[in-house]
Q: 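Take this structure first; my questions come after.
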Amino acid sequence: MDIRKATLGDVQSIYEIEVDSFSVPWSLESIAKELESSVAYYLIAEEEGQVLGYAGLWNVVGEGQITNIAVRPSGRRKGIGKQLIEGLMSYGQDRALEVLILEVRASNEPAINLYTGAGFTEVGKRKNYYTKPTEDALLMAYAFI
């Protein structure tokens, strides 16, 4: 498994994973804009030329806001998400970020377990944050300090 920085050539693969993973996926245009943004950093998990997952964050004022982490259904439960989150944590440490934060559906136990296992802790809730279906988000954080 190779973990590398995403490029504009990965937009279609990221979009396919978005559609497979989220009830309200980002558009191709939104993904392309993210990859061109000066505050965004995205990683790709690739094996034998196939993109199996991706993860991204915004680096803003010393904080990393994780935007999405997603893995193709065929690649799940193989440690790809863990490698991606570790890549984002390494990026954050290298850039002396103070904290990484993210939101996760309150019912998404596999993701919550991934984040908890990586050292994230629950620091709050966002009521009715998600749609399709409407659901609370857990706000989780990892402090580098």
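Below, each value reflects all heavy atoms present in this structure, side chains not excepted, and no hydrogens, waters or symmetry copies.
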Q: Any side-chain to backbone donor/acceptor pair from S90 onto E86? Under 3.5 Å, distance only.
A: no
Q: Quick one: pull up CZ in R76 and CG in L52 and give me the separation to the nearest 0.5 Å.
A: 11.5 Å
Q: What is the minimum heavy-atom distance between L84 and A55, and which atoms define it?
A: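 Residues L84 and A55, closest heavy atoms: CB-CB, 3.9 Å.
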Q: Is it the case that more than 12 heavy atoms not belonging to Q93 sit under 6.0 Å from its CD atom?
A: no
Q: When you check the gap from the basic side-chain N to the acidic O, do R4 and D10 get nearer than 4.0 Å?
A: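 Answer for the salt bridge query: yes.
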Q: CD1/I3 to CD/Q83 distance, rounded to the nearest 0.5 angstrom?
A: 4.5 Å
Q: Using distance alone, with no hydrogens and no angle criterion, decide if E135 and S107 have a side-chain donor and acceptor under 3.5 Å apart.
A: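 Result is yes, a qualifying pair exists.
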Q: Which heavy atom of V99 sits nearest to which heavy atom of A141, and what is that distance?
A: CG2-CB, 4.0 Å
Q: Which is it for M1 and I80 under the side-chain contact (heavy atoms from CB on, under 4.5 Å) test, yes or no, and what are the steps along the way?
A: CA-CA 8 Å; M1 181 69 50; I80 296 169; 3.7 Å; yes
Q: I would like to know whether Y115 and V104 meet side-chain contact (heavy atoms from CB on, under 4.5 Å); could you show each step before the answer?
A: CA-CA 9 Å; Y115 304 138; V104 59; 3.9 Å; yes
Q: Could you check if a side-chain atom of S23 sits within less than 4.5 angstrom of a side-chain atom of R105, using non-hydrogen atoms only?
A: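 Yes, at least one pair of side-chain atoms sits under 4.5 Å.
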Q: Between A137 and Y130, what is the shortest heavy-atom contact and its length?
A: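 Closest heavy-atom pair between A137 and Y130: CB-CE1, 3.4 Å.
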Q: So if you build clusters from Ile, Leu, Val, Met, Phe, Trp, Tyr with side-chain heavy-atom gaps below 4.5 Å, do V71 and M89 land together?
A: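 Cluster IDs for V71 and M89 match.
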Q: V11 and A32: which non-hydrogen atoms are nearest, and at how many Å?
A: CG2-CA, 4.0 Å
Q: So which of I66, D136, L139, L138 actually passes side-chain contact (heavy atoms from CB on, under 4.5 Å) with E103?
A: L139
Q: Donor-acceptor pair, distance only, cut-off 3.5 Å: does the side chain of T67 make one with the backbone of G56?
A: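 Such a contact is found between T67 side chain and G56 backbone.
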Q: State the CD-CG distance between E34 and L57, to the nearest 0.5 angstrom.
A: 10.0 Å
Q: Are Y41 and L35 connected into the same hydrophobic cluster when the rule is that any two of I, L, V, M, F, W, Y join if their side-chain heavy atoms are below 4.5 Å apart?
A: no
Q: If two hydrophobic side chains count as joined below 4.5 Å and joins carry through other members, does M140 share a cluster with I85?
A: yes
Q: Just how far is it from atom CZ of R95 to atom CG of L97, taken to the nearest 0.5 Å?
A: 8.0 Å
Q: Angle between ring planes, Y42 versus W26, binned at 30° and 60°: parallel, tilted or perpendicular?
A: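 Geometry flag for W26 against Y42: perpendicular rings.
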Q: Are any of the side-chain heavy atoms of I17 and V19 separated by less than 4.5 Å?
A: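 The answer is no; the side chains never approach within 4.5 Å.
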Q: Has N113 got a side-chain atom pairing as donor or acceptor with E109's backbone, closer than 3.5 angstrom?
A: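 Checked: pair present.
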Q: Atom CG of L114 and atom NZ of K82: how far apart are they, to the nearest 0.5 Å?
A: 9.0 Å
Q: Taking a hydrophobic cluster as the set of Ile, Leu, Val, Met, Phe, Trp and Tyr residues connected by side-chain heavy atoms closer than 4.5 Å, whether directly or through intermediates, do L88 and W58 fall within one such cluster?
A: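 Unlinked, L88 and W58 end up in two clusters.
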Q: Sub-3.5 Å donor-acceptor pair from the side chain of T131 to the main-chain atoms of P133, do we have one?
A: no
Q: Do side-chain atoms of T134 reach the backbone of N128 as a donor and acceptor pair under 3.5 angstrom?
A: no
Q: In this structure, would F144 and F120 fall into the same cluster of hydrophobic residues linked by side-chain contacts under 4.5 Å?
A: yes
Q: Just verifying a value: how many Å separate I14 CD1 and S30 OG, rounded to the nearest 0.5 Å?
A: 12.0 Å
Q: Examine distances only and state if a side-chain atom of R72 and a backbone atom of G53 form a donor-acceptor pair shorter than 3.5 Å.
A: no
Q: Should F22 and N68 be marked as a side-chain contact (heavy atoms from CB on, under 4.5 Å) after you check the CA-CA gap, both sets of side-chain angles, and the distance that decides it?
A: CA-CA 10 Å; F22 301 111; N68 280 339; 4.0 Å; yes
Q: When you compare the side chain of Y91 with that of N59, does any pair of heavy atoms fall below 4.5 Å?
A: yes
Q: Run L28 and Q12 through side-chain contact (heavy atoms from CB on, under 4.5 Å) and show every step you take.
A: CA-CA 7 Å; L28 279 167; Q12 183 65 41; 3.8 Å; yes
